[in-house]
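The structure appears right after this line, and notes come after that.
Quick caveat, the model's predicted, so the values are computed rather than measured.
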Amino acid sequence: MTAHSTPRPSRRERPAKPALTRDGIIETAVALMRAEGLRRVTMRRLAQELDTGPASLYVYVRNTAELHAAVLDDLLGAVDLGPARASGDWRDRLVRVLTSYTEVLFEHPGLARSALVARPSGERYLDLVEALLSLLSEGGVPGARAAWAVDVLLQFATATAAEHAAGEKDPADAEGEWAALAAALRGASENRHPHIAALAAELLSGPGEARLNWGFHVLINGVLHTPRPDWPDSPDEPDSPDEPDSPGALDKPDALHKPDALHKPDALHKPDRLNGPDVP
(Lines give C-alpha, C1' and ligand atoms only; values in the text may rest on other atoms or scores of the structure.)
Protein backbone atom coordinates (compact mmCIF):
# COMPACT_ATOMS: atom_id res chain seq x y z
CA MET A 1 0.00 0.00 0.00
CA THR A 2 1.19 3.48 -0.70
CA ALA A 3 1.53 5.74 2.36
CA HIS A 4 -0.52 8.88 2.11
CA SER A 5 0.81 12.07 3.70
CA THR A 6 -1.55 14.13 5.78
CA PRO A 7 -2.60 17.15 3.74
CA ARG A 8 -1.72 20.55 5.19
CA PRO A 9 -4.74 22.54 6.31
CA SER A 10 -5.59 25.48 4.15
CA ARG A 11 -5.20 28.99 5.48
CA ARG A 12 -8.96 29.12 5.91
CA GLU A 13 -8.83 26.02 8.13
CA ARG A 14 -5.93 27.16 10.32
CA PRO A 15 -6.75 28.67 13.71
CA ALA A 16 -6.77 32.43 13.65
CA LYS A 17 -3.61 34.11 14.93
CA PRO A 18 -4.00 36.45 17.88
CA ALA A 19 -4.05 40.09 16.88
CA LEU A 20 -0.71 41.87 17.12
CA THR A 21 -0.33 44.39 19.93
CA ARG A 22 2.67 46.34 21.16
CA ASP A 23 2.47 44.67 24.58
CA GLY A 24 2.33 41.24 22.97
CA ILE A 25 5.31 42.02 20.76
CA ILE A 26 7.40 43.20 23.72
CA GLU A 27 6.37 40.17 25.79
CA THR A 28 7.50 37.86 22.99
CA ALA A 29 10.74 39.82 22.58
CA VAL A 30 11.53 39.45 26.30
CA ALA A 31 10.88 35.69 26.13
CA LEU A 32 13.07 35.44 23.04
CA MET A 33 15.89 37.34 24.76
CA ARG A 34 15.76 35.04 27.78
CA ALA A 35 15.90 31.98 25.53
CA GLU A 36 18.36 33.05 22.84
CA GLY A 37 20.06 36.27 23.96
CA LEU A 38 19.58 39.88 22.95
CA ARG A 39 21.48 39.51 19.66
CA ARG A 40 18.74 37.24 18.41
CA VAL A 41 16.05 39.79 19.19
CA THR A 42 15.74 41.27 15.70
CA MET A 43 12.65 42.31 13.83
CA ARG A 44 13.03 39.38 11.42
CA ARG A 45 13.50 36.78 14.18
CA LEU A 46 10.64 38.26 16.20
CA ALA A 47 8.38 38.16 13.14
CA GLN A 48 9.15 34.46 12.77
CA GLU A 49 8.25 33.86 16.38
CA LEU A 50 4.95 35.70 15.93
CA ASP A 51 4.22 34.04 12.57
CA THR A 52 3.97 37.32 10.73
CA GLY A 53 6.03 39.49 8.44
CA PRO A 54 8.62 42.03 9.70
CA ALA A 55 6.69 44.84 8.05
CA SER A 56 3.75 44.16 10.39
CA LEU A 57 5.93 44.85 13.42
CA TYR A 58 6.99 48.30 12.27
CA VAL A 59 3.44 49.49 12.86
CA TYR A 60 4.09 49.04 16.61
CA VAL A 61 7.89 49.39 16.94
CA ARG A 62 9.92 51.73 14.75
CA ASN A 63 13.19 49.78 14.72
CA THR A 64 15.39 47.31 16.59
CA ALA A 65 16.79 50.04 18.86
CA GLU A 66 13.29 50.95 20.04
CA LEU A 67 12.53 47.25 20.49
CA HIS A 68 15.60 46.77 22.71
CA ALA A 69 14.70 49.87 24.71
CA ALA A 70 11.21 48.46 25.27
CA VAL A 71 12.71 45.13 26.40
CA LEU A 72 14.92 47.03 28.84
CA ASP A 73 11.94 48.94 30.18
CA ASP A 74 10.05 45.69 30.75
CA LEU A 75 12.95 44.19 32.74
CA LEU A 76 13.26 47.35 34.84
CA GLY A 77 10.13 46.13 36.57
CA ALA A 78 12.45 43.84 38.56
CA VAL A 79 14.36 46.77 40.10
CA ASP A 80 13.63 47.07 43.82
CA LEU A 81 12.25 50.57 44.38
CA GLY A 82 11.21 49.79 47.95
CA PRO A 83 14.13 51.67 49.53
CA ALA A 84 12.73 54.92 48.11
CA ARG A 85 9.73 54.51 50.42
CA ALA A 86 11.63 53.12 53.41
CA SER A 87 13.28 54.90 56.33
CA GLY A 88 16.97 55.42 57.02
CA ASP A 89 19.79 57.44 55.49
CA TRP A 90 18.68 58.61 52.05
CA ARG A 91 22.14 58.01 50.56
CA ASP A 92 22.21 54.38 51.63
CA ARG A 93 18.72 53.89 50.22
CA LEU A 94 19.69 55.57 46.97
CA VAL A 95 22.65 53.20 46.64
CA ARG A 96 20.36 50.23 47.28
CA VAL A 97 18.07 51.24 44.40
CA LEU A 98 21.03 51.79 42.08
CA THR A 99 22.56 48.46 43.12
CA SER A 100 19.30 46.67 42.33
CA TYR A 101 19.28 48.30 38.89
CA THR A 102 22.86 47.12 38.32
CA GLU A 103 21.95 43.57 39.40
CA VAL A 104 19.14 43.44 36.83
CA LEU A 105 21.63 44.34 34.10
CA PHE A 106 24.12 41.75 35.38
CA GLU A 107 21.47 39.10 34.84
CA HIS A 108 21.22 40.07 31.14
CA PRO A 109 24.75 40.82 29.85
CA GLY A 110 23.70 41.69 26.31
CA LEU A 111 21.10 44.09 27.61
CA ALA A 112 23.69 45.77 29.84
CA ARG A 113 25.71 46.74 26.77
CA SER A 114 22.62 47.76 24.84
CA ALA A 115 21.45 49.92 27.77
CA LEU A 116 24.41 52.25 27.21
CA VAL A 117 22.74 53.56 24.06
CA ALA A 118 19.10 52.51 24.54
CA ARG A 119 16.53 55.20 25.27
CA PRO A 120 13.80 53.59 27.36
CA SER A 121 10.72 55.72 27.84
CA GLY A 122 8.18 53.36 29.39
CA GLU A 123 6.45 53.47 32.75
CA ARG A 124 9.02 51.27 34.52
CA TYR A 125 11.87 53.55 33.48
CA LEU A 126 9.87 56.55 34.66
CA ASP A 127 9.23 54.75 37.97
CA LEU A 128 13.00 54.29 38.41
CA VAL A 129 13.79 57.92 37.61
CA GLU A 130 11.00 59.09 39.95
CA ALA A 131 12.44 57.00 42.80
CA LEU A 132 15.94 58.42 42.27
CA LEU A 133 14.67 62.00 42.10
CA SER A 134 12.59 61.55 45.25
CA LEU A 135 15.63 60.31 47.19
CA LEU A 136 17.82 63.15 45.92
CA SER A 137 15.10 65.61 46.88
CA GLU A 138 14.93 64.06 50.34
CA GLY A 139 18.66 64.73 50.65
CA GLY A 140 18.18 68.40 49.82
CA VAL A 141 19.74 68.26 46.34
CA PRO A 142 18.33 71.12 44.23
CA GLY A 143 15.97 69.88 41.55
CA ALA A 144 17.99 71.07 38.56
CA ARG A 145 21.13 69.42 39.93
CA ALA A 146 19.23 66.22 40.75
CA ALA A 147 17.99 66.07 37.16
CA TRP A 148 21.57 65.89 35.91
CA ALA A 149 22.64 63.61 38.75
CA VAL A 150 20.18 60.89 37.69
CA ASP A 151 21.89 60.70 34.32
CA VAL A 152 25.38 60.41 35.88
CA LEU A 153 24.33 57.78 38.45
CA LEU A 154 22.57 55.59 35.89
CA GLN A 155 25.47 55.92 33.45
CA PHE A 156 27.92 54.71 36.09
CA ALA A 157 25.71 51.75 37.01
CA THR A 158 25.06 50.82 33.38
CA ALA A 159 28.71 51.14 32.32
CA THR A 160 29.82 49.00 35.28
CA ALA A 161 27.38 46.25 34.34
CA ALA A 162 28.30 46.46 30.65
CA GLU A 163 32.04 46.38 31.34
CA HIS A 164 31.93 43.33 33.57
CA ALA A 165 29.11 41.40 31.91
CA ALA A 166 30.47 38.12 30.63
CA GLY A 167 28.17 38.07 27.61
CA GLU A 168 29.26 35.62 24.97
CA LYS A 169 32.95 35.90 25.79
CA ASP A 170 34.72 32.64 26.55
CA PRO A 171 35.53 32.48 30.30
CA ALA A 172 39.08 31.44 29.44
CA ASP A 173 39.49 34.58 27.31
CA ALA A 174 38.16 36.77 30.12
CA GLU A 175 40.53 35.17 32.61
CA GLY A 176 43.42 35.65 30.22
CA GLU A 177 42.60 39.33 29.80
CA TRP A 178 42.57 39.85 33.58
CA ALA A 179 45.84 37.97 33.96
CA ALA A 180 47.44 40.12 31.25
CA LEU A 181 46.21 43.32 32.91
CA ALA A 182 47.47 42.23 36.34
CA ALA A 183 50.86 41.29 34.90
CA ALA A 184 51.14 44.65 33.11
CA LEU A 185 50.29 46.63 36.24
CA ARG A 186 52.57 44.65 38.52
CA GLY A 187 55.39 44.76 36.02
CA ALA A 188 55.17 48.52 35.39
CA SER A 189 58.49 50.34 35.28
CA GLU A 190 59.24 52.46 38.36
CA ASN A 191 60.97 54.95 36.06
CA ARG A 192 58.33 55.33 33.35
CA HIS A 193 55.19 54.63 35.44
CA PRO A 194 56.19 55.26 39.07
CA HIS A 195 52.66 55.77 40.36
CA ILE A 196 51.39 52.56 38.78
CA ALA A 197 54.38 50.66 40.15
CA ALA A 198 53.66 51.97 43.65
CA LEU A 199 49.92 51.29 43.53
CA ALA A 200 49.68 48.15 41.41
CA ALA A 201 48.26 46.07 44.26
CA GLU A 202 45.68 48.76 45.10
CA LEU A 203 44.60 49.07 41.47
CA LEU A 204 43.61 45.39 41.63
CA SER A 205 42.29 45.34 45.20
CA GLY A 206 38.85 45.08 46.73
CA PRO A 207 35.72 43.02 46.03
CA GLY A 208 33.51 44.20 43.22
CA GLU A 209 30.50 45.08 45.36
CA ALA A 210 32.64 47.31 47.60
CA ARG A 211 34.00 49.16 44.56
CA LEU A 212 30.51 49.65 43.18
CA ASN A 213 29.20 50.89 46.51
CA TRP A 214 32.12 53.28 46.92
CA GLY A 215 31.67 54.61 43.38
CA PHE A 216 28.02 55.43 44.03
CA HIS A 217 28.89 57.31 47.22
CA VAL A 218 31.66 59.25 45.45
CA LEU A 219 29.13 60.42 42.87
CA ILE A 220 26.47 61.23 45.46
CA ASN A 221 28.89 63.29 47.56
CA GLY A 222 30.05 65.03 44.41
CA VAL A 223 26.45 65.90 43.52
CA LEU A 224 25.93 67.36 46.99
CA HIS A 225 28.89 69.72 46.68
CA THR A 226 29.10 70.52 42.96
CA PRO A 227 26.69 73.15 41.58
CA ARG A 228 25.66 72.90 37.96
CA PRO A 229 27.60 75.15 35.59
CA ASP A 230 26.04 78.36 34.33
CA TRP A 231 25.29 79.00 30.70
CA PRO A 232 23.31 81.72 28.92
CA ASP A 233 19.66 81.62 29.98
CA SER A 234 20.37 78.80 32.48
CA PRO A 235 17.95 78.72 35.44
CA ASP A 236 19.26 79.84 38.80
CA GLU A 237 20.02 76.97 41.14
CA PRO A 238 19.04 77.38 44.80
CA ASP A 239 21.63 76.62 47.43
CA SER A 240 21.74 73.06 48.67
CA PRO A 241 21.56 72.56 52.44
CA ASP A 242 24.75 70.55 52.15
CA GLU A 243 26.71 73.23 50.30
CA PRO A 244 29.94 74.22 52.10
CA ASP A 245 28.77 77.84 52.23
CA SER A 246 25.62 76.89 54.13
CA PRO A 247 25.88 77.46 57.90
CA GLY A 248 26.85 74.27 59.67
CA ALA A 249 26.77 72.22 56.50
CA LEU A 250 30.14 70.61 57.16
CA ASP A 251 29.94 70.76 60.94
CA LYS A 252 27.94 67.55 61.02
CA PRO A 253 30.06 64.40 61.47
CA ASP A 254 28.21 62.72 58.63
CA ALA A 255 28.20 65.67 56.24
CA LEU A 256 30.55 63.81 53.93
CA HIS A 257 28.97 60.39 54.11
CA LYS A 258 31.44 57.52 54.16
CA PRO A 259 30.27 54.48 52.23
CA ASP A 260 29.49 51.47 54.36
CA ALA A 261 29.37 47.91 53.13
CA LEU A 262 26.26 46.93 51.24
CA HIS A 263 23.41 46.10 53.59
CA LYS A 264 23.38 42.46 52.51
CA PRO A 265 26.65 40.52 52.02
CA ASP A 266 25.21 38.99 48.88
CA ALA A 267 23.69 42.22 47.51
CA LEU A 268 25.48 41.57 44.24
CA HIS A 269 24.74 37.93 43.57
CA LYS A 270 27.97 37.35 41.70
CA PRO A 271 30.65 39.78 42.92
CA ASP A 272 33.29 38.06 40.77
CA ARG A 273 31.55 39.60 37.77
CA LEU A 274 32.78 42.96 38.97
CA ASN A 275 36.30 41.92 39.85
CA GLY A 276 37.07 39.19 37.36
CA PRO A 277 38.92 36.03 38.32
CA ASP A 278 41.55 36.04 41.02
CA VAL A 279 44.96 36.64 39.54
CA PRO A 280 48.05 35.45 41.41
Checklist entry - Shortest non-hydrogen contact from Leu212 to Thr102? => result CD2-CG2, 4.1 Å
Checklist entry - Looking only at heavy atoms, what is the nearest atom pair of Leu75 and Val104, with distance? => result O-CG1, 3.7 Å
Item to check | Residue pair Asn63, Glu66: steps toward the side-chain contact (heavy atoms from CB on, under 4.5 Å) verdict | outcome: CA-CA 5 Å; Asn63 48 44; Glu66 183 177 311; 3.5 Å; yes
Checklist entry - Between Arg93 (side chain) and Gly88 (backbone), is there a donor-acceptor pair under 3.5 Å? => result yes
Checklist entry - Would Leu199 end up clustered with Leu204 when hydrophobic side chains under 4.5 Å apart are linked, directly or stepwise? => result no
Item to check | Atom pair CD/OG of Glu130 and Ser137 - distance to nearest 0.5 Å | outcome: 9.5 Å
Next on the checklist: Less than 3.5 Å apart, any donor N or O on the side chain of Asn213 or Glu209 sitting next to an acceptor on the other?
Outcome noted: no
Checklist entry - Do His108 and Leu38 come within less than 4.5 Å of each other through their side chains, counting heavy atoms only? => result no
Item to check | Shortest non-hydrogen contact from Phe216 toward Leu98 | outcome: CZ-CB, 3.6 Å
Checklist entry - Looking at Tyr125 and Pro120, what are the two nearest heavy atoms and their distance? => result CD2-O, 3.4 Å
Checklist entry - Got a donor-acceptor contact below 3.5 angstrom from the Thr28 side chain to the Gly24 backbone? => result yes
Next on the checklist: Among residues at least two apart in sequence or on other chains, which ones pass salt bridge (charged side-chain N to carboxylate O under 4.0 Å, His left out) with Arg45?
Outcome noted: Glu36, Glu49
Next on the checklist: Keeping Ser134 on the side-chain end and Ala131 on the backbone end, is there a donor-acceptor pair under 3.5 Å?
Outcome noted: yes
Next on the checklist: Can you confirm whether Glu27 is buried at CD, in the sense that more than 12 heavy atoms of other residues, nucleotides or ligands lie under 6.0 Å from that atom?
Outcome noted: no
Checklist entry - Is any side-chain heavy atom of Leu50 less than 4.5 Å from a side-chain heavy atom of Leu57? => result yes
Checklist entry - Can you tell if the side chain of Leu128 reaches within under 4.5 Å of the side chain of Val97, non-hydrogen atoms only? => result yes
Next on the checklist: As an exercise, state the distance from CG of Leu116 to CG of Leu154, rounded to the nearest 0.5 Å.
Outcome noted: 11.5 Å
Checklist entry - Can you tell me how far the OG1 atom of Thr226 sits from the CZ atom of Arg145, to the nearest 0.5 Å? => result 7.0 Å
Checklist entry - Hey, mind stepping through Trp90 and Val141 against side-chain contact (heavy atoms from CB on, under 4.5 Å) and telling me if it holds? => result CA-CA 11 Å; Trp90 68 272; Val141 178; 4.3 Å; yes
Checklist entry - Nearest 0.5 Å, what's the CD1-CG distance between Ile220 and Leu94? => result 4.0 Å
Item to check | Arg228 side chain to Ala146 backbone, donor-acceptor under 3.5 Å | outcome: no
Checklist entry - Are the side chain of Arg186 and the backbone N or O of Ala184 linked by a donor-acceptor pair below 3.5 Å? => result no
Item to check | Flag, side chain of Tyr60 to backbone of Leu20, donor-acceptor distance under 3.5 Å | outcome: yes
Item to check | Least distance between heavy atoms, Arg91 atom then Leu224 atom | outcome: NH1-CD1, 3.9 Å
Checklist entry - Taking a hydrophobic cluster as the set of Ile, Leu, Val, Met, Phe, Trp and Tyr residues connected by side-chain heavy atoms closer than 4.5 Å, whether directly or through intermediates, do Val117 and Leu105 fall within one such cluster? => result no
Checklist entry - Would a distance-only check, ignoring hydrogens and angles, find a side-chain to backbone donor-acceptor pair under 3.5 Å from Ser205 to Glu202? => result yes
Item to check | Reported CG-to-CG distance for the pair Leu76 and Leu111, which is rounded to 0.5 angstrom | outcome: 8.0 Å
Checklist entry - When you look at Arg96 and Asp80, which way does the side-chain contact (heavy atoms from CB on, under 4.5 Å) test go after all the steps? => result CA-CA 8 Å; Arg96 287 163 60 192; Asp80 181 12; 5.6 Å; no
Checklist entry - Counting only heavy atoms not in Glu123, do more than 12 sit closer than 6.0 Å to its CD atom? => result no
Item to check | CG-NE2 distance between Leu185 and His193, expressed to the nearest 0.5 angstrom | outcome: 10.5 Å
Checklist entry - Looking at Leu136 and Ala149, what are the two nearest heavy atoms and their distance? => result CD1-CB, 4.1 Å
Checklist entry - Mind checking whether Leu181 and Glu177 have side chains closer than 4.5 Å, heavy atoms only? => result no
Item to check | Side-chain heavy atoms of Tyr101 within contact of Thr158, under 4.5 Å | outcome: yes
Checklist outcome for this item: For residues 217-227, the salt bridge (Lys or Arg N to Asp or Glu O under 4.0 Å) pairs (sequence neighbours left out) are none
